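Before any comments, here is the structure.
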Amino acid sequence: MSLQMKKLGDQVMVITGATSGIGLVTARMAAESGATLVLAARNETALDRLVNELTANGARAIAVAADVAHEGQVENIAAQAIANFGRFDTWVNNAGVSIYGKLEDVSTEDLRQLFETNFWGVVHGSRVAVRHLKQTGGALINIGSTLSERSIPLQGMYCASKHAVKGFTEALRMELDAENAPISVTLIKPSAIDTPYKEHAKSYLSVEPQNPPPVYAPETVAEAILHCAENSVRDVFVGGGGRLLASAGDLAPRFTDRVMEKLMIEGQKTDRPAGARMKESLWEPNDDSLTERGDYEGHVAESSIYTKAVLHPRVTGTVAVGAVAALGAGILYGLARRNDREH
């Protein structure tokens, strides 16, 4: 398949989950690059504020209120893009939410609702997008997670949904490639990102949740998304920490289990008692503040050398990635060997 990707300034881009975190940062950065935007989210008030902000700065953008869990509403996103701009060139399935709590404690209704957004929202968006992109060419970008590769405790159903997104995306890519469809299909797998993710999540914990380090800025993901809108990329981890976590699971799965059990359960808890979660949005949009960042108190990496090197390969970048990978593999192998000897 020969696919000529358009420059951002020539593109019409659809972004779901556009009113906070990664989606919001991506929308603002895409607008600065000259892209025409079709922005979707459940919160109509926040969408309208965002579109007013972007158009006031010279961008072309429209708002389409939609819950991606409902296929008909996703179809309307595409219909509005075509009615207003005649097409779309990139579709970004970004909307998502999480739940903190042990799997046996979370209600079945909440578990199903998370899958409706995180998995079925991607399925609906992808199917709608490819029907159009088969005719015009372009990019489908699905936002998975490092947890598409390696699960952690206390966010089990989120991990399951992101594993499902990976499986769906890979199967769809093969089917499209087999019929020579002019579509680039990308899975982006962010590490922990400093967004309002945990504020929007539902929590069954007795304390407030937190992101485990290392934590990266949402701009690192937005930069990867925009790169993949212009360049055909199969998949990419955002953040070297996430890449090492996935590698650990591959190289020493049981040892990694035990590390996760010791570090990730307490590592996702603060010492602050759980309070009223006014921004929780598993079922309804409850935040129209257009917030990019969360309230993570630790160090936030504003860039990822690993991801930049992967997306913009140079000799030094390749060497750096190789060195990091070799170092990580060596450490993990040594720890796994020691663990084996102790048992």
Side-chain angles (χ1 to χ4, degrees), residues 1 3 5 13-17 21-23 25-26 30 68 74 89-98 114-115 117-130 133-134 137-152 155 157-178 181-193 195 197 216 218 220-247 249-250 304 306-313 321:
M1 177 188 69
L3 176 61
M5 311 281 282
M13 178 180 290
V14 176
I15 304 173
T16 69
I22 292 167
V25 174
T26 302
V68 297
V74 178
D89 305 292
T90 293
W91 184 293
V92 183
N93 284 313
N94 167 72
V97 70
S98 192
L114 183 147
F115 242 78
T117 298
N118 289 13
F119 176 67
W120 284 106
V122 170
V123 172
H124 297 328
S126 298
R127 283 159 51 94
V128 168
V130 299
L133 293 174
K134 279 185 178 183
L140 171 65
I141 300 173
N142 290 340
I143 307 304
S145 171
T146 291
L147 305 184
S148 296
E149 302 285 347
R150 174 70 210 186
S151 293
I152 61 174
Q155 291 191 72
M157 193 53 70
Y158 179 84
C159 297
S161 72
K162 293 301 185 178
H163 274 65
V165 165
K166 179 190 176 189
F168 170 81
T169 302
E170 290 180 343
L172 178 62
R173 182 190 294 114
M174 289 186 286
E175 292 173 359
L176 293 171
D177 191 52
I183 305 173
S184 171
V185 179
T186 300
L187 180 65
I188 293 184
K189 297 176 281 191
S191 303
I193 306 297
T195 69
Y197 169 94
Y216 297 83
T220 60
V221 189
E223 289 169 0
I225 291 171
L226 298 184
H227 177 88
C228 295
E230 293 185 320
N231 303 273
S232 184
V233 178
R234 176 187 173 87
D235 54 32
V236 60
F237 284 91
V238 178
R243 185 67 186 91
L244 286 174
L245 177 61
S247 296
D250 292 338
S304 167
Y306 167 83
T307 303
K308 286 182 181 294
V310 168
L311 294 179
H312 306 281
V321 172

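The shown structure was predicted, so the numbers you read here are calculated from the model rather than taken from an experiment. Note that these values count all heavy atoms, side chains included, but never hydrogens, waters or copies made by symmetry.
The minimum heavy-atom distance linking Ile141 with Ile225 is given by the pair CD1-O, 3.4 Å. Leu172 and Ser126 make their closest contact through CD2-CB, 3.8 Å (heavy atoms, listed as atom of the first residue, atom of the second, distance). Between Met5 and Cys228, the closest heavy-atom pair is CE-O, 3.6 Å. Residues Ser232 and Ser184 share a closest heavy-atom pair of OG-OG, 3.2 Å. Nearest approach of Ser191 to Gly241, heavy atoms of both residues: OG-C, 4.2 Å. What you find for Leu133 and Ala139 is that their closest heavy atoms are CD1-O, 3.7 Å.
Between Val185 and Thr169 there is a side-chain heavy-atom pair separated by less than 4.5 Å. In this structure, the side chains of Asn118 and Val97 come closer than 4.5 Å at one or more pairs of heavy atoms.
Annotation: salt bridge (Lys or Arg N to Asp or Glu O under 4.0 Å) contacts of Arg173 (sequence neighbours excluded): none. By the side-chain contact (heavy atoms from CB on, under 4.5 Å) test, Thr220 pairs with Ile193, Tyr216, Val238, sequence neighbours left out.
Here OG1 of Thr16 is found 5.5 Å from CG of Asn94. Values are rounded to the nearest 0.5 Å. Between the CE atom in Met157 and the OG atom in Ser151 there is a gap of 10.5 Å [rounded to 0.5 Å]. Of the inter-residue distances, the one linking Leu187 atom CG with Phe237 atom CZ reads 8.5 Å to the nearest 0.5 angstrom. The CG atom of Asn93 sits 11.5 Å away from the CD1 atom of Ile15 when rounded to the nearest 0.5 Å. Atom CG of Leu245 and atom NZ of Lys189 lie 11.5 Å apart (nearest 0.5 Å). Expressed to the nearest 0.5 Å, how far CZ of Arg127 lies from CG of Leu140 amounts to 13.0 Å.
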Show your reasoning for whether side-chain contact (heavy atoms from CB on, under 4.5 Å) applies to His124 and Val68. CA-CA 7 Å; His124 297 328; Val68 297; 6.0 Å; no
Report the C-alpha separation of Leu226 and Thr26 in whole Å, then their side-chain angles, then the decisive distance to 0.1 Å, and conclude whether the side-chain contact (heavy atoms from CB on, under 4.5 Å) test is met. CA-CA 7 Å; Leu226 298 184; Thr26 302; 4.0 Å; yes
Can you list the steps and then say if Glu170 with Arg234 is a side-chain contact (heavy atoms from CB on, under 4.5 Å)? CA-CA 9 Å; Glu170 290 180 343; Arg234 176 187 173 87; 4.3 Å; yes
How far apart are the C-alpha atoms of Val74 and Trp91, what are their side-chain angles, what is the distance that settles it, and do they pass the side-chain contact (heavy atoms from CB on, under 4.5 Å) test? CA-CA 11 Å; Val74 178; Trp91 184 293; 3.8 Å; yes
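Lys162 places no side-chain N or O within donor-acceptor distance of the main-chain N or O of Arg150, the cut-off being under 3.5 Å.
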